[in-house]
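Any value given below was found using the heavy atoms of this structure, including those in side chains, with hydrogens, waters and symmetry copies removed. One-based numbering along the sequence shown.
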Amino acid sequence: MIAPSLLLLLNAAPLCAPSALVSTDAAPQFQSTGATGAADGLARGQWLIDEENDEVLLVRPDGGLERHPGCGWPQALVALSDGRVIASCRQDGALLVLGGSGPARRVAVGVEPSALAVDELTRRAWVGLVTAREVVTFDLDRLEVSSRAPLRFQPTALALRGSALVVAGRDAPQLTVLDADTLDEGWSVTVPSRGHAVGRVTGLVVHQAEVLAAVRFVDTGLAAPPVLDQGGYGGAHNAAPFGNVALFRLPHPDGSYAPLDLAAQTALADVSALGSGNGKLWLASRGSRRLEVLGEPRPMAGAPSIAAMSIDPEGRSVALDTHRRRVLFDDGTHTRALDAPPSKVDPELRRGRELFEAIGDARVSARALGCASCHPDGRDDGLVWRLQGTARQTPMLAGRRLTETAPYNWLGSAPTLEENVRQTVQGRLLGRGLEADELAALTRYLREGLRPVQAPRPALEPSAVELGRELFTSATVGCASCHPPDFAFTDGTRHDVQSFAADERPDLPRSLLRLRDGTVAALDNPELPSAFDTPSLVGVALTAPYFHDGSARTLREVIEQNHDRMGSTSALSATEVDALVAYLSTL
């Protein structure tokens with residue numbers, strides 16, 4: 001457990017006005033949270049991750065660039081006072097260590113490292129492993145992992161204050177605080193909600209002597225009274241499913257741990273990069289192409305899509321505008337732009353990614369959301385939405401072998417991926433629609449541009465996995481009859497597995513998707529509106545919750561609640577259920 005005296009460091013600064021966020025107590029420089037950029041420890045410039053080119057950049061004060069390749073899908077970095085820089089390479093399962101007395105090194109740390117925090121005083125860093133659901137401690141001198149701890153959610157943000165390691169996941173409704181020395185869980189605090197909207201943390205930042213959480217509010221429509229609608233995600237009552245991001249302080253530990261304390265509102269619908277310097281807090285939205293310095297208007301020409309940002313102690317910023325491939329310098333008065341390294345991605349894929357990430361683009365959506373709003377990194381948001389009068393859980397896209405899984409969507413109403421994208425844009429996102437070349441670019445990006453998913457190995461022995469495979473493929477249990485392994489684990493057919501609740505069924509015949517052009521998405525068998533297209537099981541262990549309404553939280557619950565609706569599983573022993581879960585976790 002974390003002692004209350006240590007947790008006082010989480011909020012040591014006096015309370016400040018929400019609009020200004022100015023504190024007189026500076027945070028120790030050796031404690032930080034990883035970010036998309038950082039000022040160099042030897043004042044050589046500012047570091048940025050370049051996710052598009054799988055590189056880390058050093059932007060010198062004169063505008064010169066140093067390119068450091070070899071980091072597959074860089075996510076965050078920290079800059080140390082000795083001149084070393086450590087970046088998390090999510091696709092490689094490694095940290096890239098640059099600078100110091102030796103050559104660049106890549107050190108394996110585990111599956112999908114993303115979030116970082118560092119404490120130079122104790123010579124340690126902490127790494128959040130996304131799909132492994134772990135936090136690891138990394139020794140800065142020996143360059144090796146020294147300890148690991150499991151989590152209940154995917155750690156996408158870390159921050160360190162004193163001996164308290166704050167962990168957040170965008171798929172979890174709470175912040176968890178670990179003892180940085182032992183990685184034991186100390187306490188958790190629930191992310192606030194607003195009316196029917198739930199909060200999810202999109203980032204953490206150490207600003208002055210406080211840890212601030214950027215919270216995005218999402219109204220899925222399920223908490224409101226049910227209404228029949230053709231109103232897209234969130235239901236007809238909800239004109240804006242996503243509210244603006246707000247910033248919250250972590251509370252003082254007072255024995256009961258008060259709720260998060262609202263620090264400031266923003267005008268951003270999402271946050272892709274956070275930075276703190278010279279008493280100011282900078283926030284960037286990649287999807288809506290906006291930059292905000294709290295308390296100050298900060299227009300930036302050309303609607304930059306900022307993927308990485310660094311703020312130095314004097315408050316000067318350097319940012320990477322990834323879509324326009326520019327490096328932007330801002331000294332607080334003027335902004336200038338220099339060319340960034342050319343993209344290694346071909347133009348059509350880049351155009352598709354831009355459409356996928358766009359938020360509030362009228363072609364894609366009329367409701368200040370976009371594809372990436374519900375599918376960050378091509379994954380899923382872990383939420384269940386009201387859509388066409390019934391519940392719909394968000395599916396994962398990345399790594400799902402989309403070219404092999406036709407027809408598409410829950411009802412299988414789209415025979416091709418292109419048609420499913422058209423239905424989604426015009427019927428679910430309520431967008432104006434895409435031109436033929438735009439539709440082709442976005443669809444190709446879904447097929448080829450999303451980063452692959454790295455799944456952790458199951459905890460059980462290989463013999464248990466093999467038993468699970470035998471059960472899955474056996475005629476007696478029958479899982480493979482609808483999820484054939486040779487066909488991406490889907491038979492491409494609709495089945496009624498009796499998962500609809502009684503209060504959903506009256507609306508089913510009227511829940512066909514109506515598009516903005518007046519057409520209706522056709523079903524192969526409209527007499528079975530409660531039948532669902534068989535989903536692929538590729539990556540299924542990473543896509544909780546389960547069933548269309550998210551009623552099963554784990555794969556074990558899926559099997560235990562099945563009641564022989566999807567294969568004959570009711571007679572399985574506890575050992576066999578364990579084995580089946582282990583096998584499913586390998587897909």
Query - Trace of the side-chain hydrogen bond (donor to acceptor under 3.5 Å, both in side chains) decision for Thr490 with Thr405 - result: CA-CA 7 Å; Thr490 174; Thr405 58; over 6 Å; no

Query raised in the report: Does the side-chain hydrogen bond (donor to acceptor under 3.5 Å, both in side chains) test come out yes or no for Ser570 and Asp564, once each step is laid out?
Result: CA-CA 6 Å; Ser570 59; Asp564 294 339; 2.7 Å; yes

**Report entry** Full working for side chain to side chain contact (heavy atoms under 4.5 Å, CB included) between Val364 and Leu429
**Finding:** CA-CA 7 Å; Val364 178; Leu429 294 174; 3.8 Å; yes

Requested in this report: Report the C-alpha separation of Asn409 and Ser413 in whole Å, then their side-chain angles, then the decisive distance to 0.1 Å, and conclude whether the side-chain hydrogen bond (donor to acceptor under 3.5 Å, both in side chains) test is met.
Outcome: CA-CA 7 Å; Asn409 68 58; Ser413 64; 3.0 Å; yes

Report task. Assess whether ring-ring contact (aromatic ring centres under 6.0 Å, His included) is satisfied between Phe532 and His548, documenting all intermediate values. Result -> CA-CA 9 Å; Phe532 286 127; His548 76 286; 5.0 Å; yes

Query - Criterion side chain to side chain contact (heavy atoms under 4.5 Å, CB included) on Arg494 and Trp410, from CA distance to verdict - result: CA-CA 9 Å; Arg494 296 173 63 229; Trp410 279 100; over 6 Å; no

Report task. Verify side chain to side chain contact (heavy atoms under 4.5 Å, CB included) between Ser288 and Asp270, making sure each step is shown before the conclusion. Result -> CA-CA 8 Å; Ser288 55; Asp270 77 319; 3.7 Å; yes

Report task. Kindly indicate, with the supporting measurements, whether the criterion side chain to side chain contact (heavy atoms under 4.5 Å, CB included) is fulfilled by Ser365 and Leu430. Result -> CA-CA 5 Å; Ser365 175; Leu430 306 183; 5.7 Å; no

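A donor-acceptor pair under 3.5 Å is formed between the side chain of Glu576 and the backbone N or O of Ser573. Arg105 places no side-chain N or O within 3.5 Å of a backbone atom of Leu96 that could act as its donor or acceptor partner. Between the Gln393 side chain and the Pro545 main chain, a donor and an acceptor come within less than 3.5 Å of each other. Judged by distance alone, the side chain of Asp179 and the main-chain N or O of Leu183 form no donor-acceptor pair under 3.5 Å. Not a single donor-acceptor pair under 3.5 Å links the side chain of Asp549 to the backbone N or O of Ala391. Asp92 places no side-chain N or O within 3.5 Å of a backbone atom of Ala94 that could act as its donor or acceptor partner.
Other residues, nucleotides and ligands contribute more than 12 heavy atoms inside 6.0 Å of the CZ atom of Arg194. Counting heavy-atom neighbours within 6.0 Å of Phe153 CZ, excluding the residue itself, gives a total above 12. Crowding of Arg553 atom CZ: a count of heavy atoms from other residues, nucleotides or ligands under 6.0 Å not exceeding 12.
Distance check, rounded to the nearest 0.5 Å: CZ of Arg428 to CZ of Arg392 gives 8.5 Å. With values rounded to the nearest 0.5 angstrom, Leu397 atom CG is found 11.5 Å from Asp377 atom CG. Ser551 OG to Tyr546 OH: the interatomic distance, rounded to the nearest 0.5 Å, is 12.5 Å. To the nearest 0.5 Å, atom CG of residue Asp184 and atom CG of residue Leu165 are 12.0 Å apart. Annotation: the span from Phe138 atom CZ to Ser88 atom OG amounts to 11.5 Å, rounded to 0.5 Å. Distance CG/Leu222 to CG/Leu383: 9.0 Å, rounded to 0.5 Å.
In this structure, the side chains of Ile86 and Leu77 stay at 4.5 Å or more apart for every pair of heavy atoms. The side-chain heavy atoms of Thr176 and Leu178, taken from C-beta on, include a pair separated by under 4.5 Å.
The only option from Arg451, Arg286, Arg353, Lys344 that meets the salt bridge (Lys or Arg N to Asp or Glu O under 4.0 Å) definition with Glu52 turns out to be Arg353. Put simply, the residue from Thr403, Asn420, Val421 that forms a side chain to side chain contact (heavy atoms under 4.5 Å, CB included) with Leu446 is Val421.
Pairs engaging residues 435-447 under the salt bridge (Lys or Arg N to Asp or Glu O under 4.0 Å) rule: Asp346-Arg444, Glu348-Arg444, Arg351-Asp437, Arg351-Glu438, Arg363-Glu438, Glu418-Arg447, Arg444-Glu448 [sequence neighbours left out]. Among residues at least two apart or in separate chains, side-chain hydrogen bond (donor to acceptor under 3.5 Å, both in side chains) pairs with a member in residues 531-544 are Asp491-Thr534.
Ring planes of His375 and Phe356: tilted class, angle from 30 to 60°. Classified by interplanar angle (parallel below 30°, tilted 30° to 60°, perpendicular above 60°), the ring pair Phe242/Trp385 is tilted.
Between Arg400 and Asp380 there is no salt bridge, since none of the side-chain N atoms of the basic residue sits less than 4.0 Å from a carboxylate O of the acidic one. The pair Asp171-Arg200 does not meet the salt-bridge criterion, since no charged nitrogen lies less than 4.0 angstrom from a carboxylate oxygen.
With sequence neighbours excluded, the residues satisfying side-chain hydrogen bond (donor to acceptor under 3.5 Å, both in side chains) with Arg148 are Glu134. Applying the disulfide (SG to SG under 2.5 Å) rule to Cys71 yields the partners Cys89; only residues at least two apart in sequence or on another chain are considered. Applying the side-chain hydrogen bond (donor to acceptor under 3.5 Å, both in side chains) test to Arg379 and every residue at least two apart in sequence or in another chain returns Glu112.
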N/O donor-acceptor pairs under 3.5 Å from side chains in residues 467-478, not counting sequence neighbours:
residue, atom, partner, partner atom, Å
Arg469, NE, Glu466, OE1, 3.2
Arg469, NE, Glu466, OE2, 3.2
Arg469, NH2, Glu466, OE2, 2.7
Thr473, OG1, Arg469, O, 2.9
Thr473, OG1, Glu470, O, 3.4
Ser474, OG, Leu471, O, 2.9
Ser474, OG, Val477, N, 3.2

